[in-house]
Amino acid sequence: MASVADHPILKGLNNAQRRAVSSSSATVAILAGPGSGKTHTLTSRVVWLVDEVGYRPQDVVVATFTVKAAREMMDRIGRALGGGREKKLILGTFHSICRRYLSAYGGKIGLPKDFGIADDKDSRGIVERVCKRLKLTLDPPTARAWISKQKAGGSEKESARAKKPPGKSLGLQELQTCYDEYQKQLERSNLLDYDDLLVRCVELLRKFPSCVSNIQSVLIDEYQDTNGIQYELMKLFAQHRSRITIVGDPDQSIYGWRSAEIGNLWRLLREFKGTEEVSLEDNYRSSQSILNLSLQVIQQDKDRYKKVLKPVHTRGSRPVLRKLKNAYAEADWIVCEMRRVIMMSGNMLTHSDVAILLRSAALSRHIESTLGKAGIAYKMVGGFKFYDRAEIKTLLDYLRVVHQPHNNDALSRIMNVPKRGIGEGTIKNLIEEAEQASMSLWTLLVKHCRGQRTAKTKITKHTEQRITGGLIRVIEDLRKISAHTDDVSGDSDGLVGLIHQLIKLLDFERFLKDTHPDDHEQRWANVQEFINVAADFVRDLEQTGDDTLPEIQGLQQSVETELLPRFLANVSLASDVQTGEDGENKPLVTISTIHAAKGLEWPVVFIPAVYQGSIPHARSEDQNEERRLLYVAMTRAKCLLYLSCPTYRSNSSDEPCELSSFVATISRSFLEKGPCLDRPVMEQIAQIVKRKLPSNEAIYGSLPSMYSPEDDFGCGPESEQDNRRNTSRQIGASIDAPPAKRPRLSAPAGGYDSSKELDWRKDYATTMEQSSNFTLKKSGTKTLHMLLQLAT
DNA sequence: TGATAAAAAGTTTTT
DNA sequence: CTTTTTATCA
């Protein structure tokens, strides 16, 4: 026993955590609030199971919900385990694990070998088409949501959720027809949508349990987010030994809209008697006052499962609820306050210690442009996706057609890109015609152009030539190249070569210049970046050999040889592109959606737009979930937490804006303005972040003279002007100059002595200059490339 | 029939 | 502020 307690992995864990990590129970449920070290505990248990219990890494399944969480976990386990053994773990998001199993064993359940993955856009397009063709009176998005719900619910009737057939039985009938037709379409294009990955994997593991006969233990992170089908998957993965470890927090369940069922927790405890429950009660993250206030928010939910949260840190300063005139003032204030905090900490805190968390990605616009103008570098997490940029999407669609010519949707999207004189109507007709003849669009086109069959849709000679020469030819040439990339070990830049060739054949740079004269450089840079991403992918795959499943005796698995399908799958399943290694040099402020911020923490957190309609969102169905969302956001903060709310909406009509009901009743518990940041306060912060606070001399010496160390935004002599919207933006450091080519350095408003400004502004100058391109461009077009520019 | 210009409408969260 | 629909012209 004593030797067990001595294992290095248990060092630095508290008693409850140790109990969870080293538990010999078959099933372990770790329930704990934010900041209690849940993920750390889970990773430690993985290490424990491998190192101490002796399971082979390839016999352990670890499932997460986001790609980011999976990467993070892989990193952490790797560090603790060493020897690169973590790479053998079956670790990833549910979706990526399922994809792996399906490509290895999908043949057993009649799945074609080279199935593709239908992303959001594909599936939306298909549903729309189906609705139109069958003349259904359905709202396509609603239908799609319904279909997804059906799939995600799981097949076991545990969830007696026959609750809402939206509307009448007629509606239900239509939905069902739409569902069937949708599936038929997917099948025809050899595609699986996100939900299908899970559904089909359940089918596989149920019919062929031997695929997972090696699995010793299954671990699930963020368990409160599992939906019906994921619960089934979990059980199926664990079907041979029933060894399951889950960690979760019902208060942080924020994926109900994705059919997550909190009930899965009780279900687990019921179905697996003798589950050891461990609760982690110590909160290592936040100051007492942040924790108290977050608790006040979440406790408004009367039905919740109550948990203990014991702060280990000092009281800290009270969170702030700031009211501003409008969203512009709000953004300006954030910049101001952020600077104040950093200055008053004598740079103990930097930009990378600050996060701005948003209910929806669209809210980032004001903030991004204000940060840009203030010359503050930032990174945006969630929201925009690199792979969604038009030019990248086009290239990807070409690649998808190369891989799967029968993917009608991808083909129809690229048919007229670059322009080949085929209009929307023509494409629609052709698809329709192919549909009638039950062949794919590709087959129809090829047949037509070879003269084996004349399409009844009119195609002029000229366009026909362009299709033959420009499209069919390109695809077929590329397919030849692709065939040579077959073995991974051989030609290592096969994939990259393929992409290069594609770009060359399309004359893509010229195409971009022609179609986007204003910002073709941007877009071309994105294309270059895309090539880099592909190269990285190839390199990573060669290094890690990741993605493969352990061999099981007596079981034939088809080996994934081709690079292209793997790359495409990776793209569909990755929400963002890895920016990791590049961005770390410059401290960047993080802007993120709340959803994407789950599991992360920052010393300083801003939550703007805390108003009715944003949190809770106007379109949300579940108030409690919205409240939990706010709770998640608030509990990301370690030391300083700021909520803010504009009094007026800033879209054309200046309607008044109502404070979120979640904080309205407790608004008196907040400070109205940023706290005083004197020495004692800063020392508490230093203690929480475990850094050393610079001396008073160092802090105050570098302060601009006459600098007011208070949060007096909007109270100074300038405040009169703030009433006009356009001038209200000038607080952010650089904008009171007339519009210049490059943001000019000038004194912030508010009556400081501008002659002393130079010293402290020097730090910002470099980023400011580099960021000029990004502030002057339309703000929607920020790209990875720009971030890289900022970073280097 | 397709491309271009002008007008209109639309914005949650992720795999 | 942007994407999608509609009208007009070639």
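Note that the structure is predicted; figures quoted are calculated from it, not measured. Order of the sequence lines sets the chain letters (A, B, ...), proteins ahead of strands, with each chain counted from 1.
One interatomic measurement links the two molecules: NZ of A:Lys393 to P of C:dT3, which rounds to 15 Å at whole-angstrom precision. Between A:Asp514 atom CG and B:dT4 atom P the separation is 11 Å, expressed in whole Å. As rounded to whole Å, 13 Å separates atom C1' of C:dT2 from atom NE2 of A:His366. A:Leu198 places its CG atom 8 Å from the C1' atom of B:dT15, with the value rounded to the nearest Å. Following rounding to the nearest Å, A:Lys149 (NZ) and B:dT15 (P) show an atom-to-atom distance of 18 Å. Protein atom CG of A:Asp388 is 13 Å distant from nucleotide atom C1' of B:dT15, rounded to whole Å. Residue A:Arg124 contributes atom CZ, which lies 12 Å from atom C1' of C:dT4 at whole-angstrom precision. Between the P atom of B:dT13 and the CG atom of A:Leu600 lies a distance of 17 Å, rounded to the nearest Å.
A sub-4.0 Å separation between OP1 or OP2 of B:dT12 and a side-chain N or O of A:Arg359 is absent. Regarding contacts with the backbone of B:dG2, a side-chain N or O of A:Thr426 is found under 4.0 angstrom from either OP1 or OP2. Look at A:Asn416 and you'll find a side-chain N or O under 4.0 angstrom from OP1 or OP2 of B:dA3. For A:Thr593 and B:dT12, the shortest distance from a side-chain N or O to OP1 or OP2 is not below 4.0 Å.
Here A:Phe94 lies out of heavy-atom contact (under 4.0 Å) with every strand. Among the atoms of the strands shown, only primed sugar atoms or phosphate atoms (P, OP1, OP2) are found under 4.0 Å from some heavy atom of A:Ala361. As judged by a 4.0 angstrom heavy-atom cut-off over every strand, A:Ile422 is placed among residues touching the sugar-phosphate backbone only. Note on A:Thr66: only backbone sugar-phosphate atoms sit closer than 4.0 angstrom, heavy atoms only; bases stay farther off.
Residue A:Arg133 places its CZ atom among more than 12 non-hydrogen atoms of other residues, nucleotides or ligands, all under 6.0 Å distant.
Each of A:Glu625 and A:Gly421 was matched to the nucleotide of DNA chain B holding its nearest heavy atom; the match closer to the 5' end belongs to A:Gly421. Mapping A:Arg619 and A:Asp195 onto DNA chain B via the closest heavy atom, the residue that lands nearer the 5' end is A:Arg619.
Of the candidates B:dT11, B:dT15, B:dA3, the closest approach to any side-chain atom of A:Thr93 belongs to B:dT15. Side-chain proximity of A:Trp257 to the nucleotides B:dT11, B:dT15, B:dT13 is greatest for B:dT13. When distances are taken from the side chain of A:Leu573 to each of B:dT15, C:dC1, B:dT14, the shortest belongs to B:dT15. Checking B:dT15, B:dT13, C:dC1 against every side-chain atom of A:Ser360, the shortest atom distance belongs to B:dT13. Closest to the side chain of A:Asp120, from the set C:dC1, B:dT15, B:dT12, is B:dT15.
The partner of B:dA5, taking Watson-Crick or G-U wobble pairs whose two distances both stay under 3.5 Å, is C:dT6. Both distances falling under 3.5 Å, in either a Watson-Crick or a G-U wobble arrangement, occur for no nucleotide opposite B:dT12.
Rounded to a whole angstrom, the distance from the C1' atom of C:dT5 to that of B:dT12 is 24 Å.
In this structure, A:Phe65 has its ring center closer than 6.0 angstrom to the ring center of A:Phe94. A distance below 6.0 Å separates the ring centres of A:Phe237 and A:Tyr101. Between A:Phe511 and A:Phe508, the distance separating the two ring centers is shorter than 6.0 angstrom.
Note: A:Ile117 CD1 to A:His95 NE2 = 9.5 Å, rounded to the nearest 0.5 Å.
When each of A:Arg124, A:Arg400, A:Lys393, A:Arg129 is checked for a salt bridge (charged side-chain N to carboxylate O under 4.0 Å, His left out) with A:Asp409, only A:Arg129 meets the rule.
In this pair, A:His617 lays its aromatic ring flat on the base of B:dT12, centres within 5.5 Å and planes under 30 degrees apart.
Defined by atom type and a distance below 3.5 Å, a donor-acceptor pair is missing between the side-chain atoms of A:Tyr631 and A:Gln252.
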